[in-house]
Amino acid sequence: MRILIVGAAGAIGQAACAALAHHEVTTAGRTTGDIRLDMTDAGAVQAAYARLGALDAVVSCAGDASFVPLKAHNPETMRLGLIQKVMGQVTLVLVGQHVLGAHASFTLTSGILDRDPVPCGTGAAIANGALAGFVRAGAIEMRQRINVVSPAVLEASVPRYGALFPGHRPVSEAEVGRAHLRAVEGAQTGQRLPG
Ligand SMILES: NC(=O)c1ccc[n+]([C@@H]2O[C@H](COP(=O)([O-])OP(=O)(O)OC[C@H]3O[C@@H](n4cnc5c(N)ncnc54)[C@H](OP(=O)(O)O)[C@@H]3O)[C@@H](O)[C@H]2O)c1
């Protein structure tokens, strides 16, 4: 398959890339990857799809959100996750649905914080919940399959985020990669897959 992986250089992106390495993968990021692309910019996304030609799958492992206590949030910090993590990934789908064939698939990435919250997690939780709703609802209208991988904290990210997740069981790169693999090569749609 020809696959575009957005956010491939990141921690989750590396897990997805490792699991999908047997495919023809093009990597993308704002400052990293085979092609440079800000997924929140619909024009840039459209141009990237036009340049790449036929794709069998788009996998997104990208999307910033603010990790601060709720009391420290303001509308701007809360908006970060909605603009980057939600609308960035949604933009890949909104533009891509008109470009990719009916056999193709979209795989987005959310996280567990809307279902298993931790302090400082509301900025990510609001984005994760929105993505779950988008994928479930979008699947009944789309020609292509669409799923979202929702991992717990990654082992490789424990030095960065571990203090926020006391007692949580981190997931391995292989486990998260398997969820992306299942979403790309499997047959399900509208699903939230645990990482
Ligand atoms: N790491 C974890 O343990 C974990 C667990 C569950 C869920 N998640 C979620 O998974 C996603 C990725 O997390 P991560 O830890 O892998 O992050 P990361 O290491 O910071 O990597 C993020 C990647 O996405 C790219 N990116 C970010 N915004 C982009 C945009 N607007 N357009 C194009 N590329 C963009 C970045 O590249 P550039 O900077 O070059 O753009 C980078 O390659 C996040 O939404 C995170 O909340 C992470």
Side-chain angles (χ1 to χ4, degrees), residues 4-20 25-49 52 58-68 77-96 106-118 120-132 134-135 147-166 168-180 183 192-195:
L4 172 64
I5 303 185
V6 181
I12 299 282
Q14 289 178 47
C17 282
L20 295 166
V25 169
T26 300
T27 60
R30 289 165 302 191
T31 60
T32 49
D34 302 323
I35 63 168
R36 302 298 145 94
L37 163 69
D38 183 340
M39 64 180 179
T40 64
D41 179 344
V45 170
Q46 178 87 59
Y49 283 143
L52 288 169
V58 173
V59 176
S60 168
C61 305
D64 298 339
S66 301
F67 283 86
V68 296
T77 57
M78 193 59 84
R79 235 191 308 269
L80 180 74
L82 295 175
I83 290 173
Q84 287 292 328
K85 188 166 182 172
V86 179
M87 286 313 301
Q89 299 194 85
V90 166
T91 298
L92 292 173
V93 177
L94 293 182
V95 178
F106 295 91
T107 302
L108 311 185
T109 300
S110 61
I112 58 160
L113 290 177
D114 56 325
R115 287 159 292 124
D116 195 355
V118 300
C120 299
T122 55
I126 192 174
N128 296 346
L131 287 165
F134 175 71
V135 162
N147 296 287
V148 60
V149 174
S150 179
V153 67
L154 193 65
E155 280 171 358
S157 298
V158 166
R160 187 174 168 193
Y161 295 119
L164 292 174
F165 294 86
H168 283 235
R169 187 193 299 275
V171 288
S172 68
E173 180 176 282
E175 212 168 332
V176 173
R178 265 195 298 275
H180 287 91
R192 180 176 56 202
L193 305 174

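Just follow the structure's listing: the first ligand is 1, and inside any ligand the first atom is 1. What you see below is based on every heavy atom in this structure, not just the backbone, and it leaves out hydrogens, waters and symmetry mates.
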Side-chain contact test, heavy atoms from C-beta onward, threshold under 4.5 Å: evaluate it for Asp116 versus His168 and give yes or no. yes
Could you please provide the protein residues found below 4.0 Å of ligand 1 on a heavy-atom basis, arranged by chain and number? Val6, Gly7, Ala9, Gly10, Ala11, Ile12, Gly29, Arg30, Thr31, Thr32, Leu37, Asp38, Met39, Cys61, Ala62, Gly63, Gln84, Lys85, Thr109, Ser110, Gly111, Pro151, Ala152, Val153, Leu154, Ser157, Arg160
Atom pair CE/CE of Met87 and Met39 - distance to nearest 0.5 Å: 10.5 Å
Rounded to the nearest 0.5 angstrom, the CZ-CG distance for Phe165 and Leu113 is 4.5 Å
Mind checking whether Phe134 and Val148 have side chains closer than 4.5 Å, heavy atoms only? no
Going by distance alone, is a donor N or O of one side chain under 3.5 Å from an acceptor N or O of the other, for Thr27 and Asp34? yes
From OG1 (Thr40) to NZ (Lys85), nearest 0.5 Å: 15.5 Å
